Amino acid sequence: MAHDSIQLPCGGDGACMRCKVTPPTEETLTCSICAAPWHVGCLASKPETLASTLQWHCPDCSGDPLLPPSVATDGSSSELFVAIKAIEADESLTEKEKARKRQELVSGRVEEDGGNGKGESSVLDVLDESLNCSFCMQLPDRPVTTPCGHNFCLKCFQKWIGQGKRTCAKCRSTVPPKMASQPRINSTLVSVIRMAKLSKSNAAAGPLKVFHFIHNQDRPDKAFTTERAQKAGKANAASGKIFVTVPPDHFGPITAENDPDRNQGVLVGECWEDRLECRQWGAHLPHVAGIAGQSNYGAQSVALSGGYEDDEDHGEWFLYTGSGGRDLSGNKRTNKEQSFDQKFEKMNEALRVSCKKGYPVRVVRSHKEKRSSYAPEKGVRYDGVYRIEKCWRKVGIQGFTVCRYLFVRCDNEPAPWTSDEHGDQPRPLPAISELKKATDIFERKESPSWDFDEEGSRWKWKKAPPPSKKPANAADLKEGKRTRKAIRHSRKLSTRERLLKEFGCLICQQVMSLPVTTPCAHNFCKSCFEAAFTGKTAIRERNKGGRTLRSQKNILNCPSCPTDISDFLQDLQVNRELMDVIESLKQKSEENEEPAEEEPMNGLEESTDLGSSDEKTGKKTENVDPKDDLENALPNCEEERTSKRRKVDTAQVGDDDL
DNA sequence: TACCGTATATTT
DNA sequence: AAATATACGGTA
């Protein structure tokens with residue numbers, strides 16, 4: 001975790017890691033998110049108000065999540081400051097209790113929720129009771145799960161690790177090095193928590209908004225152009241039909257109007273197998289290059305694929321590196337070695353134009369980015385739009401100059417890794433320490449074209465987007481016929497049922513019993529999980545096979561991904577917190593047992609029945625696709641999508657067709 | 001690890 | 001209009 005800030009918290013011994021002094025209590029400040037203590041004297045900016053003191057977020061945490069809107073009142077923060085100190089000094093309290101007390105102090109309430117009487121609303125309580133992160137006592141933000149089955153916020157966990165701890169904060173089990181260095185976000189929990197929150201906030205309001213994670217269902221009309229290309233495999237394939245009708249120089253989200261096939265647009269969280277498939281949905285058109293743009297017009301999208309080691313990903317914001325500086329002679333497509341300096345020209349200039357104008361830039365993340373906690377584990381995922389707030393040049397890791405860009409998220413839909421019900425709100429820019437050594441610093445002077453509209457509480461175009469210079473994809477215009485959208489209805493599931501559905505085992509697809517969570521953040525029934533390894537011993541002799549046999553340790557892969565989880569298998573721990581949640585949900589579901597009216601669940605064939613005379617090869621029927629229902633709970637997280645299964649989500653009420 | 005079909009921006 | 005340069009892919 002490269003911390004950009006030179007501000008540092010106090011270490012395990014209480015000494016400030018920056019100035020090395022152990023500050024007195026009154027000079028320490030505790031982060032309300034990660035609970036780490038900081039030396040006030042070493043902070044660049046101190047909270048000024050009472051409220052902000054109580055809700056103070058440390059530089060690590062505040063660089064990223066929303067800061068509480070700064071309160072205008074000045075204040076004698078001292079009293080509350082003192083109150084907090086008192087709590088912290090109270091030896092009779094456990095850390096947990098302290099954290100809770102702090103929270104209560106801050107919020108001035110004992111427990112959120114309370115009201116809303118209806119049984120439905122208390123699903124949040126169910127999660128709350130079992131799943132809370134023991135650092136901040138909130139439902140985990142970007143939840144990560146230790147092999148011992150305890151759930152924390154990513155940031156709280158990283159903070160803990162950053163203090164040199166290598167044990168679980170809850171049970172003191174050892175945290176494996178891989179988990180410490182590359183914690184994976186547990187997407188099932190992300191979805192479930194968000195869903196629970198949504199169900200609460202929408203209890204009285206309109207239909208529940210669910211974020212679909214839909215897999216690309218069609219293949220290109222013409223996947224290959226030449227025999228040779230076909231033979232050589234996908235890497236050499238022509239990219240095929242573009243399904244959306246936006247022009248190639250379209251900026252911003254792709255909306256339903258431009259998605260004739262599905263009429264829903266490209267939603268945050270959508271995943272594709274590879275860059276070619278991603279391209280077909282228009283999220284990022286170049287199938288090799290990381291930047292889509294034109295130097296005199298702007299950049300529409302970027303990919304984070306781990307190709308540039310200077311990149312630094314913090315989720316809602318990241319530092320991106322320009323392209324070029326590499327020797328591509330010899331017919332190479334990429335080259336890890338940089339051999340000359342980058343300049344603000346071509347694609348790098350295009351990015352600078354988007355910065356200058358404040359255009360929204362679509363961002364996709366690829367599984368190839370291994371250093372980021374926010375990368376999908378497979379394929380390519382659309383993560384929404386970001387703005388480039390500033391750019392500059394600096395000497396990169398390899399010693400040559402690189403162009404740098406600060407991307408900050410500004411999308412109306414929540415990012416795939418948060419459980420927030422809403423998208424971004426304007427956030428303060430993170431402090432970037434490398435700016436001190438930067439040259440050619442460029443910041444936007446004019447007001448951004450894409451900006452937050454306070455009235456509507458949404459991001460939108462404040463100035464007209466630049467006129468497209470290219471024709472919209474004509475492929476779809478040829479047949480005027482609209483795809484008939486499959487009608488899929490199912491009986492309306494209660495919130496609890498839908499939540500339960502999220503807890504599907506990745507193997508049996510039933511609601512998990514005795515759930516276990518792998519270090520790679522996949523969830524299974526304990527029995528299914530174990531069954532997947534029966535007959536495979538932890539020790540195996542490898543007499544054959546071309547390789548030399550080195551360690552005796554068997555490589556046992558997660559059933560959902562290539563991660564070696566043999567260590568995890570050795571000491572299999574049930575995720576009890578998760579299990580408690582499931583049990584409570586089940587129990588309450590049965591209690592409330594309302595006979596739901598069965599509605600016909602019809603065919604949901606995913607629309608391959610294009611009205612046109614397409615030579616659809618009718619392939620892609622690889623999946624038996626058990627019509628979904630509670631029993632066939634398909635987890636709907638992109639991280640969890642392992643096969644070509646299709647998510648059949650039906651939560652939207654008005655999703656009928658023409 | 002080597003290698004190549006492709007798409008597109010930019011230059012000729 | 002055609003040629004060239006470039007690109008954070010993907011596969012055997």
Side-chain angles (χ1 to χ4, degrees), chain A residues 220 222-242 247-250 272-280 282-313 318-340 342-354 361-372 374-376 378-383 396-398 402-405 407 468-471 473 475 546 562:
Chain A
K222 289 202 261 185
F224 308 103
T225 49
T226 65
E227 284 300 309
R228 179 133 187 257
Q230 183 165 13
K231 210 166 172 183
K234 213 192 282 189
N236 296 324
S239 58
K241 178 181 171 184
I242 308 290
D249 54 358
H250 167 82
W272 305 284
E273 275 300 307
D274 52 37
R275 289 281 295 268
L276 287 160
E277 211 176 60
C278 167
R279 168 187 165 76
Q280 293 190 268
H284 183 67
L285 290 168
H287 79 260
V288 174
I291 303 167
Q294 305 77 33
S295 59
N296 59 356
Y297 187 70
Q300 292 82 27
S301 59
V302 298
L304 280 95
S305 307
Y308 284 84
E309 57 182 318
D310 288 290
D311 285 3
E312 199 182 294
D313 193 359
F318 59 88
L319 296 177
Y320 196 74
T321 310
S323 65
R326 294 165 166 183
D327 174 19
L328 299 180
S329 63
N331 207 9
K332 288 189 277 291
R333 298 296 172 274
T334 87
N335 182 346
K336 293 219 151 103
E337 308 297 316
Q338 197 177 352
S339 51
F340 54 95
Q342 293 182 356
K343 293 188 206 155
F344 282 118
E345 55 183 29
K346 303 191 174 155
M347 292 307 131
N348 296 346
E349 176 61 14
L351 284 174
R352 200 166 66 119
V353 171
S354 284
V361 181
R362 291 184 302 274
V363 170
V364 299
R365 281 183 173 81
S366 153
H367 69 107
K368 289 184 146 190
E369 171 54 275
K370 297 297 183 201
R371 295 172 307 144
S372 165
Y374 303 96
K378 290 185 62 177
V380 182
R381 185 186 64 208
Y382 173 62
D383 285 345
I397 293 172
Q398 298 189 11
V402 291
C403 297
R404 300 284 279 170
Y405 304 87
F407 279 71
S468 170
K469 295 179 169 177
K470 306 185 176 205
N473 152 36

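Naming convention: chains lettered A, B, ... in sequence-line order (proteins, then strands); numbering from 1 in each chain. All values reported here derive from a predicted model rather than from experimental measurement.
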Query raised in the report: Does A:E345 have any side-chain contact (heavy atoms from CB on, under 4.5 Å) partners at least two apart in sequence or in another chain, and if so, which?
Result: A:K343
Query - Partners passing side chain to side chain donor-acceptor pair (under 3.5 Å) against A:T321 (at least two apart in sequence or in another chain) - result: A:D311, A:R404
Report summary line: Sequence neighbours excluded, the answer for side-chain contact (heavy atoms from CB on, under 4.5 Å) partners of A:A299 is A:I291, A:A350, A:L351, A:S354
Report summary line: Contacts of A:Q294 meeting side chain to side chain donor-acceptor pair (under 3.5 Å) (sequence neighbours excluded), chain-then-number -> A:Q300
Report task. Please list residues of residues 288-296 of chain A whose heavy atoms come under 4.0 Å from any atom in DNA chain B, ordered by number; otherwise none. Result -> A:G293, A:Q294, A:S295
Query raised in the report: Listed by chain and number, what are the side chain to side chain donor-acceptor pair (under 3.5 Å) partners of A:S305, not counting sequence neighbours?
Result: none
Requested in this report: Please name all residues satisfying ring-ring contact (aromatic ring centres under 6.0 Å, His included) with A:F318, sequence neighbours left out, ordered by chain then number.
Outcome: A:Y386, A:F407
Query raised in the report: Does anything in residues 299-306 of chain A reach DNA chain C, meaning a heavy atom under 4.0 Å, and if so which residues?
Result: A:A303, A:L304, A:S305, A:G306
Requested in this report: Applying side chain to side chain donor-acceptor pair (under 3.5 Å), name anything that partners A:S339, two or more places apart in sequence or on another chain.
Outcome: none
Report summary line: Those residues at least two apart in sequence (or on a different chain) that pass side-chain contact (heavy atoms from CB on, under 4.5 Å) with A:H367 are A:K370
Query raised in the report: Tell me, which stems hold DNA chain C, with a stem being 3 or more Watson-Crick or G-U pairs in a row and both distances under 3.5 Å?
Result: B:1-4 with C:9-12, B:6-12 with C:1-7
**Report entry** For A:R365, all residues meeting salt bridge (Lys or Arg N to Asp or Glu O under 4.0 Å), sequence neighbours excluded
**Finding:** A:D313, A:D383
